[in-house]
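Notes follow once the structure below has been shown.
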2 protein chains.
Amino acid sequence: MRSKITLKELAKLLNVSVSTVSKSLNGSPEISKNTVKRVKELAELHNYSPNLTAVNLKRKSTGNIAVIVPNISNTFFAKVLGGIENEARKNGYQLITYISNESLTVEKQIMDLISNGLADGVLMSVSAETQTTKNYDHIYRFTEYEIPVVLFDRINVDVKLDKVGVDDMQSIYNAVRYLKSKGLNRIGLVCSIGDLGLAQARIDGYKAAMNDQNTTFQKEFLIVSNDPEVLRKQLGLVLDTYEMEAFVSLDYLSTLLTSRVVQEKKLNIPEDIKIIGYVNEDFAPFLWPSISYIDQHPLSIGESATQLLIERIKKMQPKEFDTQILNTKIVHLDSTLI
Amino acid sequence: MRSKITLKELAKLLNVSVSTVSKSLNGSPEISKNTVKRVKELAELHNYSPNLTAVNLKRKSTGNIAVIVPNISNTFFAKVLGGIENEARKNGYQLITYISNESLTVEKQIMDLISNGLADGVLMSVSAETQTTKNYDHIYRFTEYEIPVVLFDRINVDVKLDKVGVDDMQSIYNAVRYLKSKGLNRIGLVCSIGDLGLAQARIDGYKAAMNDQNTTFQKEFLIVSNDPEVLRKQLGLVLDTYEMEAFVSLDYLSTLLTSRVVQEKKLNIPEDIKIIGYVNEDFAPFLWPSISYIDQHPLSIGESATQLLIERIKKMQPKEFDTQILNTKIVHLDSTLI
DNA sequence: CTGAAAGCGCTTACAG
DNA sequence: CTGAAAGCGCTTACAG
């Protein structure tokens, strides 16, 4: 496609060898100041830049990091991607991105592609299907090829690899404890992502906190379904049956839905019902009422995962896998005011 | 990084030449059925796949499409990216993604990088700063290198290139006309992205529709600011001063904010105030009230832009630039019921 | 039908 | 200080 000037052409114009040009441009101390100057000037003039494909072939590396994201329906993964991009670009890596659409099949196809030598390392968040079927062979294959893989966010999977994410159990445990500290006891849990390992961890956190002091966990308060309609109905039922005081919602959809159904029932937030959920932090303040949420610092997740991956790329460590857990924080808005 | 088997190694194992192996694997008719079979079997056995860096160097192409997105704070660009990915992968291209963060400087850096022969083509949505400063040289440079560029979504820019997007003026014109057809006349416009060309087009659509029949455009109804706080105040003021009947909001933030401020004022949606805006289509139905929105079919935008780009890559057309305009559609939810 | 050779655009020991 | 040569892993005219 491109007709940019090559080393060879520069060499011809300067009447020197290709090696000399290459060394001059790469700051080798072998070459005389004078030649270096001549070469650099001409290179500048012609706007020379090395063909990265050739460089990479020579170096036996690609300069690419592959990123596999399960979906893009909310901004969480987009934000993580932002963090990954920051860190990758700072280190001179390009990002090759893929979306698995929560499908194991697609994930396998992507991994096949990548293993054709497309990337020096892989950052991935496993798809829902991969987690439910516990099919991890395609991931392990990379370590055979000596391509490091770092998992991010969805790290509650039984795979021995480097991982970067948050403590999902603790996050929800803290949220429930906060609500209880306000004297609330009838706290429901709403979840539309039950097939993810991290949802299970969050539910465990909920149960632990509910079983803590003056309350015991009641399974009637657990509203889990992938179908928004089912969720909506159950939520209505629970609100009609019990005098609920608060909800913890585990994902974007269920958070908005909780707020909606509560209001449909003419209940006031936060006076009658308090909510802590997961929502897009950029827009959370503009909802009515605005909903308190658990900030997972997606940017940091992306950055840390990328740092770890680049370390692995640079020196394929002895196999001691690292798990980095970042803190979460409850951001209080309207729905937990008072 | 990878220790995968190469053509040369396969050739040695089979006692044939590298050329023979290459031709066998690439389905050349020159080679005997028998050899092809032997080669393919061994290749399969060793899980051979060609080193794409080498193939690309030879082919003088990269197999990559670079995508530059201005931001990722809402899901719009994420969805477009999804469409791009579908189409790119179908055609065997990899996506290299970049986020310009609405900065001209970053955009230039990215373009420099890409021009190092990283991609066969570029899909981009120009940053806000690029639009306000009207600085397009770095974009034109690609055409000099014969790397095709297709702009998407933000196509209201004075650049002669292929473009794929929607008719922003018409979209808002239609929205306002719809509201007027319901007998509403005091219709406000709210916008937090005034520095984008497409916002201007949308505002033009609003003015045209307001000047249409029994109403004339009033600049008091125009609420435009990049600062949410200013927007919030002005919105409150307008609601206090005029008996508003509806709002058209031009972006995610202003849409949510409009709904919020209206409700803070104890006004009912849609009884007192109707709203048409732009929101994440996946979550729109779960808001309370759910907000009617203009569906821009982001997936289609991504797919069409990618198709066009791939055409350009395959046969660098005589320079007649194409502008593809996709339809938008109003999706009616709570906020325009009745 | 098979293979030797050249070449894609680079880098880097090695020789002079 | 400079350059010739080999090589990264492929593909493809060309010769036999």
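Each chain gets a letter, A, B and so on, in the order the sequences are listed, and its residues count up from 1.
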key: From A:Asp137 atom CG to A:Thr130 atom OG1, the distance as rounded to the nearest 0.5 Å   = 11.0 Å

message = Across nucleotides 1-8 of chain D, 5' to 3', mark each nucleotide with B, S or - according to how protein heavy atoms within less than 4.0 Å reach it.
response = BBBBB-BB

inquiry  = Need one value for B:Ser22: base, sugar-phosphate or nothing, where a base atom within 4.0 Å counts as base even if backbone is also close, heavy atoms only.
reply    = base

Under 4.0 angstrom between A:Tyr48 side-chain N/O and C:dG9 OP1 or OP2 = no

ask   = Are A:Lys314 and A:Glu311 ion-paired here, with the side-chain N under 4.0 Å from a carboxylate O?
value = no

query = Want to know the stems of DNA chain C: at least 3 consecutive Watson-Crick or G-U pairs with distances under 3.5 Å, which are they?
reply = C:1-3 with D:14-16, C:5-12 with D:5-12, C:14-16 with D:1-3

inquiry  = Quick test of your reading of the model: are B:Lys163 and B:Asp322 salt-bridged, counting only N-O distances below 4.0 Å?
reply    = no

query = What's the spacing between A:Ile72 CD1 and A:Thr97 OG1 if we round to 0.5 Å?
reply = 9.5 Å

request  = Drop me the distance from A:Arg59's CZ to B:Thr53's OG1, to the nearest 0.5 angstrom.
outcome  = 12.5 Å

remark   = Those residues at least two apart in sequence (or on a different chain) that pass side-chain contact (heavy atoms from CB on, under 4.5 Å) with A:Arg154 are A:Pro70, A:Asn71, A:Phe77, A:Glu102, A:Ser125, A:Val126, A:Gln131, A:Leu196, A:Leu198

query = How long is the span from the CG atom in A:Leu95 to the OH atom in B:Tyr98, to the nearest 0.5 Å?
reply = 8.5 Å

ask   = Between B:Asp120 and B:Lys60, is there a salt bridge with N-O shorter than 4.0 Å?
value = no

message = So A:Asn56, base contact, sugar-phosphate only, or nothing? Heavy-atom distance under 4.0 Å.
response = nothing

key: Atom-pair distance (CG on B:Leu52; P on D:dC10), nearest Å   = 9 Å

inquiry  = Between C1' on C:dT11 and CG on A:Leu25, what's the gap in Å once rounded to a whole number?
reply    = 12 Å

